[in-house]
Student: 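So that we are looking at the same thing, I have put the structure below in structure tokens.
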Amino acid sequence: MKKSLMILMVIPAMALAYSGGPPDGRTGAPGELTCQNSCHSSFPLNSGDGSLTISGPAQFEPDMTYSITVELSDIGQSRWGFEITPLTEGSVNITDATNTQLSISNGKSYVKHTSTGTYQGNSNGPVNWSFDWTAPSNPSDSIIFYAAGNAANNNFSNSGDYIYTTSFTSYLNSTAVDDDPFASLPSHFESGNYPNPFNANTAINYNLPYAGHVTLEIFDIRGRMVESLADGFQDAGQNVHYWDASEMPSGVYFFNLVFDNMRDSKKMVLIK
């Protein structure tokens, strides 16, 4: 009697399940979760040294179309994912179907990575994804994009991955204040720097909804911290720190701002 040998291959289904895009509603927007809440729970939210940024128009016009870019980097990680939403504001058009896809849930638009768009094996980053967004005909004075990013270690499991969140606010052109780019910042936690791009000096401005501990650090494109501008208690309201980068080489830098359980990271371009 011939005996046959059966080899059972166990595939970590949950680890691979979302390589083609996370479920809707994982951007960290108000009332939403992130993937840290369910599967990628090795580390607290925004606890790594990575950087997640959103680039888009500082001001927008109704019915006009703009390019939105999400960028993610983290030293030591080598697979990547993201999800971003403007909630119900405007419409989205996918311009890179190889790396990005669109889903709509409860009237909200979600752009996220595809399986190819995880950039598997791309160590450290940065990696980025772009799409087009068309502003609504009757918009609010400001529109906020919310995003979450997954900097994964490519070990085909949910362990060892860092989840980051960030947001980006674009202001309706008719209500923008040209003389003071920070005058119309909303009352909730928000940050930015001006000028950007800059030559040698820039002002990093942020608004605190209440008093608390603030950490503000500058990182280069390789994820190395080059300067710490703040690490201590600060009062509520508008705060400004000036970065003198006169001794730094031209290139892309990021400031990471941590306040309470909130984190914001923005890209800065130094041009000499």
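What you see below is based on every heavy atom in this structure, not just the backbone, and it leaves out hydrogens, waters and symmetry mates.
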Student: Taking only residues at least two apart or on different chains, which pairs with a member in residues 193-221 satisfy salt bridge (charged side-chain N to carboxylate O under 4.0 Å, His left out)?
Tutor: D220-R224

Student: Do L216 and M225 sit in one hydrophobic cluster, given that two such residues count as connected whenever their side-chain heavy atoms are within less than 4.5 Å of each other, even indirectly?
Tutor: no

Student: Give me the atom names and distance for the closest heavy-atom approach of I143 to P136.
Tutor: CD1-CD, 3.8 Å

Student: Any chance the side chains of S191 and D264 put a donor and an acceptor closer than 3.5 Å?
Tutor: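 The criterion, which ignores hydrogens and geometry beyond distance, is satisfied for D264 and S191.
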
Student: Would you call F259 and H213 a side-chain contact if the rule is heavy atoms closer than 4.5 Å?
Tutor: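 Answer no - side chains too far apart.
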
Student: In Å and rounded to the nearest 0.5 Å, what is the OG to NZ distance from S55 to K267?
Tutor: 4.5 Å

Student: Would V70 and I94 show up in the same hydrophobic cluster when neighbours are defined by side-chain heavy atoms closer than 4.5 Å?
Tutor: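 As far as the 4.5 Å side-chain criterion goes, I94 and V70 are connected within one cluster.
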
Student: Between H241 and N205, is there a side-chain donor-acceptor contact under 3.5 Å, judged purely by atom types and distance?
Tutor: no

Student: Show me the donor-acceptor pairs, under 3.5 Å and distance only, between side chains in residues 245-255 and residues at least two apart or in other chains.
Tutor:
| from | atom 1 | to | atom 2 | distance (Å) |
| --- | --- | --- | --- | --- |
| S246 | OG | D244 | OD1 | 2.8 |
| S250 | OG | K272 | N | 3.1 |
| Y253 | OH | P249 | O | 2.7 |

Student: For the residue pair T118 and R79, confirm or rule out a side-chain donor-acceptor distance under 3.5 Å.
Tutor: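 Short answer, yes.
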
Student: Quick check: closest heavy atoms across S130 and S67, and the distance to 0.1 Å?
Tutor: CB-OG, 4.4 Å

Student: Which value, rounded to the nearest 0.5 Å, describes the distance between L229 atom CG and I204 atom CD1?
Tutor: 5.5 Å

Student: For the residue pair E89 / S140, report whether a side-chain donor-acceptor contact shorter than 3.5 Å exists.
Tutor: yes

Student: Hey, what do you get for OG (S109) to CG (L102), rounding to the nearest 0.5 Å?
Tutor: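 So the OG of S109 and the CG of L102 are separated by 5.5 Å.
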
Student: With no hydrogens and no angle check, is any side-chain donor or acceptor of S78 less than 3.5 Å from a backbone partner on S123?
Tutor: no

Student: Do you know the tightest heavy-atom contact between F60 and L172?
Tutor: CE2-N, 3.3 Å

Student: Under 3.5 Å, is there a donor-acceptor pair linking the side chains of E32 and T27?
Tutor: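 Yes, a side-chain donor-acceptor pair sits under 3.5 Å.
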
Student: Side-chain contact, heavy-atom cut-off 4.5 Å: P126 with L72?
Tutor: no

Student: With no hydrogens and no angle check, just 3.5 Å: does a side-chain donor-acceptor pair link Q77 and N124?
Tutor: no

Student: Counting only N and O atoms by type, is there a donor-acceptor contact under 3.5 Å from the side chain of E83 to the main-chain atoms of A147?
Tutor: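 Between the backbone of A147 and the side chain of E83 there is no qualifying donor-acceptor contact (under 3.5 Å).
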
Student: Rounded to the nearest 0.5 Å, what's the gap from CZ on R26 to CG on L33? Could you check?
Tutor: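 Reported value, rounded in 0.5 Å steps: 5.5 Å.
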
Student: Would you say the side chain of C35 lies within less than 4.5 Å of the side chain of N150, judging by non-hydrogen atoms?
Tutor: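 N150 does not reach C35 side chain to side chain.
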
Student: Could you tell me the separation between the CG atom of N106 and the CG atom of L87, rounded to the nearest 0.5 Å?
Tutor: 11.5 Å

Student: Between atom CG of L52 and atom CD1 of I163, what is the distance when rounded to the nearest 0.5 Å?
Tutor: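 One gets 10.0 Å once the value is rounded to the nearest 0.5 Å.
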
Student: With a 4.5 Å heavy-atom cut-off, do V92 and D132 have their side chains touching?
Tutor: no

Student: Indicate yes or no for a side-chain donor-acceptor contact from N207 to the backbone of Q238 under 3.5 Å, with no hydrogens or angles considered.
Tutor: yes

Student: Of all the heavy-atom pairs spanning N256 and F219, show the shortest one and how long it is.
Tutor: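 Reported closest heavy-atom pair: ND2-CE1, 3.3 Å.
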
Student: Go through the side-chain N and O atoms of D63 and S137 and say whether any donor and acceptor fall under 3.5 Å apart.
Tutor: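 There is such a pair (donor and acceptor under 3.5 Å, judged by atom type) between the side chains of D63 and S137.
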
Student: Would you say Y162 and Q36 make side-chain contact, with heavy atoms under 4.5 Å?
Tutor: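 Of all side-chain heavy-atom pairs linking Q36 with Y162, none is under 4.5 Å.
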
Student: Go through it in stages, so that I can follow the logic: the residues are N154 and Q120, the test is side chain to side chain contact (heavy atoms under 4.5 Å, CB included), and I'd like the CA-CA distance, side-chain angles, deciding distance and then a yes or no.
Tutor: CA-CA 7 Å; N154 198 26; Q120 184 176 7; 3.2 Å; yes

Student: Please tell me whether S103 and K112 have a donor and an acceptor in their side chains that are separated by less than 3.5 angstrom.
Tutor: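 Looking only at side-chain atoms, K112 and S103 do form a donor-acceptor pair, the distance falling under 3.5 Å.
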
Student: Quick one about S265 and T53 (side-chain donor to acceptor, distance below 3.5 Å, no hydrogens or angles considered), yes or no?
Tutor: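 No, no side-chain donor-acceptor contact under 3.5 Å.
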
Student: Using side-chain heavy atoms (C-beta onward) and a distance below 4.5 Å, is V258 in contact with V214?
Tutor: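 Heavy-atom side-chain distance check fails, nothing below 4.5 Å.
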
Student: CZ of F43: more than 12 outside heavy atoms within 6.0 angstrom?
Tutor: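 Atom CZ in F43 is crowded, with more than 12 foreign heavy atoms closer than 6.0 Å.
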
Student: Which label fits H113 and W129: parallel for a plane angle under 30°, tilted from 30 to 60°, or perpendicular past 60°?
Tutor: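 H113 and W129: tilted rings.
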
Student: Heavy atoms only: give me the nearest P197-I271 pair and the separation to one decimal.
Tutor: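 Result for this residue pair: CB-CD1, 3.7 Å.
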
Student: Not counting sequence neighbours, which residues clear side chain to side chain contact (heavy atoms under 4.5 Å, CB included) with N239? List them please.
Tutor: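 Checked N239 against side chain to side chain contact (heavy atoms under 4.5 Å, CB included); matches are Y206, L208, Q234.
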
Student: Under 4.5 Å between any side-chain heavy atoms of I218 and M268, yes or no?
Tutor: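 The answer is yes, as the side chains (C-beta and beyond) meet within the 4.5 Å cut-off.
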
Student: Begin with the C-alpha distance, continue with both residues' side-chain angles, and end with the deciding distance and a verdict on side chain to side chain contact (heavy atoms under 4.5 Å, CB included) for I84 and Y110.
Tutor: CA-CA 6 Å; I84 184 173; Y110 294 94; over 6 Å; no

Student: Between F145 and W133, which heavy-atom pair has the shortest distance, and what is it?
Tutor: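 Result for this residue pair: CZ-CD2, 3.5 Å.
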
Student: Establish, from distance only, whether the side-chain atoms of Y164 and D74 form a donor-acceptor pair under 3.5 Å.
Tutor: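 Yes, D74 and Y164 have a side-chain donor paired with an acceptor closer than 3.5 Å.
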
Student: Do T116 and T114 have a side chain donor and acceptor closer than 3.5 Å?
Tutor: no

Student: Side chains of T166 and Y146: does their closest heavy-atom pair fall under 4.5 Å?
Tutor: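 When only atoms from C-beta onward are counted, Y146 and T166 do not touch, as no gap falls below 4.5 Å.
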
Student: T69 and N128: side-chain donor and acceptor closer than 3.5 Å?
Tutor: no

Student: Determine whether N46 and T165 satisfy the following criterion, side chain to side chain donor-acceptor pair (under 3.5 Å), listing intermediate values before the conclusion.
Tutor: CA-CA 7 Å; N46 294 320; T165 58; 3.0 Å; yes

